[in-house]
Amino acid sequence: MDPLHDFTLLRPTTLDEMVKARRKAPSARLIGGGTDLMVNMRRGIETPQTLIDTNGVAEMASIRASTKGFEIGASATLASVGQHEKLLQYFPAIAQAANAIAGPIHRMMGTVGGNICLDTRCIFYNQSEWWRSANNDCLKTVGEMCHVAPKSKGVCFATFSGDLAPALLLYDAEIDLAGGPRKRTIPLTDLYIGYAKQDGSTGDGKNYLALKKGEFVAAVRGKNTAGLVSAYDKVRIRRSIEYPVAGVAVALKRKGDKLADLRVAVTGTNPRPVRLEGTQSLCGGPLTDDVLAGLDGLVRDQIMAMKTTFTPGMYRRRVANVLAKRMVRKLWETAGG
Ligand SMILES: Cc1cc2nc3c(=O)[nH]c(=O)nc-3n(C[C@H](O)[C@H](O)[C@H](O)COP(=O)(O)OP(=O)(O)OC[C@H]3O[C@@H](n4cnc5c(N)ncnc54)[C@H](O)[C@@H]3O)c2cc1C
Ligand code: SF4
């Protein structure tokens with residue numbers, strides 16, 4: 001790793017100070033735990049002159065959860081989310097996702113805001129400066145072409161691999177954004193614009209968040225639905241401290257022998273976390289092989305198979321598929337008992 005460059009560190013202690021610091025230095029980077037940003041800085045991927053630390057702002061560190069819903073501040077640590085009794089009880093997918101991120105030290109440092117806004121990843125990008133330059137820098141940094149898909153017409157397919165987002169998406173989470181021209185609240189799903197369409201109509205692996213200049217995530221909240229059971233699981237190459245090959249969050253509701261609600265979201269595969277469209281059409285009857293085959297089709301259609309990690313893209317899609325079906329079966333049984 002290369003040595004760090006010089007930078008100024010600002011440490012606001014209130015949300016107002018934070019907004020002011022952000023307005024004064026809109027090109028400054030926010031730093032939560034720094035467990036992703038510092039690695040990128042050491043690799044010369046980013047060289048911000050000013051960093052704004054989110055950890056001193058008490059208003060951004062709180063976690064509230066009840067049977068009805070949750071609200072989590074952006075500087076709450078992953079460890080505090082993973083250990084939160086009420087999240088574990090009412091929103092297990094969220095707590096399980098937090099507990100599946102990296103290793104214990106990363107979870108003590110890493111924050112919810114940092115995980116939601118995590119940079120996208122690719123084998124041609126998460127490398128040292130000399131490696132990238134020796135391999136003809138790609139277009140996510142200073143190069144002109146994508147080495148994963150050389151005919152991509154300027155589109156980057158780097159993969160969003162944060163574990164929390166799919167679990168939050170199950171609950172139609174929304175996020176509070178501050179620091180921009182005005183405070184606003186948007187659906188979490190609208191934050192992620194990495195659709196990677198070759199007509200340039202939306203974002204991709206390089207331009208993957210819908211944040212306006214100066215904006216940052218202050219909090220995330222979601223609502224519960226009575227009777228919903230949920231879980232998060234991921235497959236990784238090493239059994240600890242590893243990004244997902246694919247991570248899957250599932251929530252379902254069972255009414256007697258009928259599947260009344262089904263929500264599935266996937267990470268580690270596309271330039272955005274994907275809440276699968278079409279799962280409601282699988283509901284209304286018992287959990288049959290046809291329903292699982294339908295789920296299979298939704299994963300196949302909506303999950304990307306680009307080779308941005310060491311594993312083949314098709315394998316990642318297959319993993320997402322197998323995990324999703326396995327989890328649906330297991331939650332169905334839990335909900336029935
Ligand atoms: C060895 C290793 C393994 C890892 N494994 C995983 C894994 O399995 N799963 C996983 O999800 N992650 C993994 N990570 C990445 C990282 O540790 C986590 O994603 C962590 O949650 C990032 O949070 P942070 O607060 O440290 O983010 P930071 O590094 O501080 O920030 C990350 C990005 O978010 C921006 N940011 C921070 N806070 C805000 C905010 N409030 N609003 C807007 N932007 C913000 C920063 O400017 C930066 O661009 C791993 C990292 C390492 C080094
Ligand atoms: S997907 Fe292509 S452009 Fe994006 S980081 Fe990888 S090689 Fe670079």
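Counting starts at 1 for both ligands and their atoms, following the listed order.
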Give the atom numbers and elements of ligand 1 that come within less than 4.0 Å of a heavy atom of Asp36.
29 (O)
Test side-chain hydrogen bond (donor to acceptor under 3.5 Å, both in side chains) on Tyr208 and Asp119; report intermediate values, then the result.
CA-CA 8 Å; Tyr208 55 95; Asp119 196 2; 3.2 Å; yes
Is it the case that Arg236 places NZ or CZ above or below the six-membered ring of Tyr243, under 6.0 angstrom from the centre and within 45 degrees of the axis?
no
Looking only at atom types and distance, does a side-chain atom of Gln198 sit under 3.5 Å from a main-chain N or O of Ser152, one as donor and one as acceptor?
yes
Tell me which protein heavy atom sits closest to atom 12 (N) of ligand 1, plus the residue, atom name and distance to 0.1 Å.
Tyr243 CE2, 3.5 Å
As an exercise, identify every atom of ligand 1 less than 4.0 angstrom from a heavy atom of Val217.
40 (C), 41 (N), 42 (N), 43 (C)
Does an N or O from Gly162, backbone or side chain, lie closer than 3.5 Å to an N or O of ligand 1?
no
Check for a donor-acceptor pair, side chain of Lys325 on one end and backbone N or O of Leu295 on the other, with a separation under 3.5 Å.
no
Under 4.0 Å from any heavy atom of Ile31, which atoms of ligand 1 are there?
30 (O)
Atoms in ligand 1 with a heavy atom of Gly110 nearer than 4.0 Å:
23 (O), 24 (P), 25 (O), 26 (O)
Check: Ser161 main-chain N/O paired with Thr159 side-chain donor or acceptor under 3.5 Å
no
Asp190 side chain vs Ile186 backbone, donor-acceptor pair below 3.5 Å:
no
Using modelled atom types and a 3.5 Å cut-off, is there a donor and acceptor pairing between side-chain atoms of Arg107 and backbone atoms of Gly110?
no
Quick check against the 3.5 Å criterion: does Thr267 have a side-chain atom that pairs as donor or acceptor with the backbone of Phe160?
yes
Can an N or O of Ile101 be found at a distance shorter than 3.5 Å from an N or O of ligand 1?
no
Using a strict cut-off of 4.0 Å, indicate which atoms of ligand 1 neighbour a heavy atom of Ala74.
41 (N)
Can you pull out the closest protein heavy atom to atom 49 (O) of ligand 1? Residue, atom name and distance to 0.1 Å, please.
Arg29 NH2, 2.6 Å
Determine whether a donor-acceptor pair (N or O, by modelled atom type, separation under 3.5 Å) exists between the side chain of Asn115 and the backbone of Leu164.
yes
Atom 3 (C) of ligand 1: the protein heavy-atom neighbour that sits closest, reported with distance to 0.1 Å:
Ala102 CB, 3.7 Å
Are any of the N or O atoms of Thr54 closer than 3.5 Å to those of ligand 1?
no
When distances are taken from atom 43 (C) of ligand 1, the protein heavy atom at minimum range is Cys117 SG, 3.4 Å
Does atom CZ of Arg221 have more than 12 heavy-atom neighbours, drawn from other residues, nucleotides or ligands, at distances under 6.0 Å?
yes
Please work out which of Arg107, Met60, Glu242 has its closest non-hydrogen atom nearest to atom 8 (O) of ligand 1.
Glu242
Could you tell me whether the side chain of Arg254 and the main chain of Thr334 form a donor-acceptor pair under 3.5 Å?
no
Distance from atom 27 (O) of ligand 1 to nearest protein heavy atom, with residue and atom
Gly114 CA, 3.3 Å
Is there a donor-acceptor pair closer than 3.5 Å between any side-chain N or O of Glu59 and the backbone N or O of Leu15?
yes
Quick check on contacts: which atoms of ligand 1 are under 4.0 angstrom from a heavy atom of Leu37?
29 (O)
Should one rank Thr111, Val39, Ile116 by closest heavy-atom distance to atom 25 (O) of ligand 1, which comes out on top?
Thr111
Indicate yes or no for a side-chain donor-acceptor contact from Thr120 to the backbone of Gly205 under 3.5 Å, with no hydrogens or angles considered.
yes
Ignoring hydrogens, just give me the one of Leu30, Asp163, Asn126 whose non-hydrogen atom is nearest atom 47 (O) of ligand 1.
Leu30
Could you identify the single nearest non-hydrogen protein atom to atom 28 (P) of ligand 1 and state the distance to 0.1 Å?
Gly34 N, 3.6 Å
Who are the salt bridge (Lys or Arg N to Asp or Glu O under 4.0 Å) partners of Asp204, not counting sequence neighbours?
none
Proximity winner for atom 3 (S) of ligand 2, if only heavy atoms of Asn126, Leu139, Thr159 are counted:
Leu139
Residue-ligand contact Asp119/ligand 1, heavy atom below 4.0 Å
no
Give me the nearest non-hydrogen protein atom to atom 11 (O) of ligand 1 as residue plus atom name, then the distance to 0.1 Å.
Asn115 ND2, 2.9 Å
Considering only the protein, which heavy-atom contact is closest to atom 2 (C) of ligand 1, and what is its distance?
His106 NE2, 3.8 Å
With a cut-off of 4.0 Å, which atoms of ligand 1 are near a heavy atom of Gly32?
25 (O), 30 (O)
Of the side chain and backbone of Ala218, name the one, both, or neither that has a heavy atom under 4.0 Å from an atom of ligand 1.
neither
Which protein N, O or S atoms lie under 2.8 Å from atom 6 (Fe) of ligand 2?
Cys122 SG
Arg23: partners by salt bridge (Lys or Arg N to Asp or Glu O under 4.0 Å), with sequence neighbours left out
none
Applying salt bridge (Lys or Arg N to Asp or Glu O under 4.0 Å), can you list everything that pairs with Arg11, at least two apart in sequence or on another chain?
Asp53
Honestly, is Lys86 close enough over Tyr90, meaning NZ or CZ under 6.0 Å from the six-membered ring centre and within 45° of the axis?
no
Aromatic ring proximity, centroids under 6.0 angstrom, Tyr171 and Phe91
yes
